[in-house]
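Bear in mind the structure is a predicted one, so any value in this text is a computation, not a measurement. Ligands are counted one by one from 1 in listed order, and the atoms in each one are counted from 1 as well. One-based numbering along the sequence shown.
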Amino acid sequence: MHGPARRSVAVVLGLGIILPLSANAKGIDREPFGQLADGTAVERITLTNEGGMQVAFLTYGGTVTAIRTEDRDGQLANVALGFADLGDYVEKNPYFGSIVGRYANRIAGAQFELDGQTYRLAANNGPNSLHGGETGFDKRVWTAEEVTSADGLAVALTYRSPDGEESYPGNLDVRVTYTLTDADEFRIDYEATTDRPTVLNLTNHAYFNLAGDGTGSIEDHELTLNADAFTPVDDTLIPTGALEKVEGTPFDFREPTAIGARLRMDHEQLVRGRGYDHNFVLNKPEPNALTLAARVREPVSGRVMEVHTTEPGVQLYTGNFLDGTLVGAAGRMYRQGDGFCLETQHFPDSPNQPDFPTTRLAPGETFRSTTIFRFSTDRT
Ligand code: GLA
């Protein structure tokens, strides 16, 4: 296995001590990352920006395997949960870093109606369909192509989901572009077109730990969410249809609050989710505006992550189903709450909820959506 090209630099400390450091050289590195049972080769692609920040991902599922960012002392660490080997991604990935589609999150009763026709989906989460069914976009091999972008280093991942795949209508052409800017932004642009009316909801399911992958609980991370309301759920995690004000509830993150501060409150919604596993209704001046959805600060490392999105919602998921059965790339076992997700999205079960923003896509239209994860530190 060979990593990205490295160049040597030196740092001069006080007292005239010179230490060689190896920094990552700016560029795009592609390397083999094993093959699937049917022989399909999988690649790992690593983007490295001017400052040495890196985003690594696979052609399998567009899976983001690592995001290396600096702490307030300039130390790089990987802040995304993931596995060391392709085999683990294929066999047991709880969507670490995955592109999720066609429909991220849940569809009630694993069915929906569109233009008078009922579509029955795989019920892979109790009675509901979750994250695109049995073989969603997270388990498909995407075609990767380097693209020129004024914003930074960019790779477009494309996949054609054939008509009827996982019982969804229409040939759906999906293009997801990953861009790493020199301003330490990891930008994801989604685009899709169809040849028959269909529904879709695309996200990336990265799990974060801003103290570093494998360092334990994320409960001390301070979270701010730009959301006055959330969508409460029934006991199978399907929205009831209500938009509930966060005020006076453990879902009020309008001021920076430790994720763990209210996590064990005896609140019906937290009990149903086993923690946070809820969609927040983002405050927007107008639909599709690219606005700040969330800001997270990890107090020990000083790392800060902002999430900006054009999507109407974001799912806060606190790794409630991590149960000590998975071991990550850092050689550390993951326990409940060792990572958090901020999945930008349309609201869960929108195809069955006429009052939610629509997830319908018709021929001739292009679905477009952007999410930016911007990394910095609290160093002043
Ligand atoms: C989403 C869901 C969770 C869980 C995870 C994957 O965040 O809302 O309930 O399924 O994906 O484990």
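- D234 places no side-chain N or O within 3.5 Å of a backbone atom of T240 that could act as its donor or acceptor partner.
- At a threshold of 4.5 Å between side-chain heavy atoms, the hydrophobic network of Ile, Leu, Val, Met, Phe, Trp and Tyr places Y276 and F347 in two separate groups.
- With rounding to the nearest 0.5 angstrom, the CD1 atom of I372 is 5.0 Å from the CG atom of L290.
- The ring pair (Phe, Tyr, Trp, His ring centres under 6.0 Å) test with Y334 is passed by exactly one of F83, F96, Y207: F96.
- Contact residues of ligand 1 (protein heavy atom closer than 4.0 angstrom to a ligand atom; sorted by chain and number): P94, Y95, R106, L130, H131, H205, Y207, D277, Q315, Y317, F321, E343.
- Checked by atom type and distance alone, the side chain of T193 never pairs as donor or acceptor with a backbone atom of V174 at under 3.5 Å.
- Minimum interatomic distance between S301 and L210 (heavy atoms only, all atoms of both residues): OG-O, 3.3 Å.
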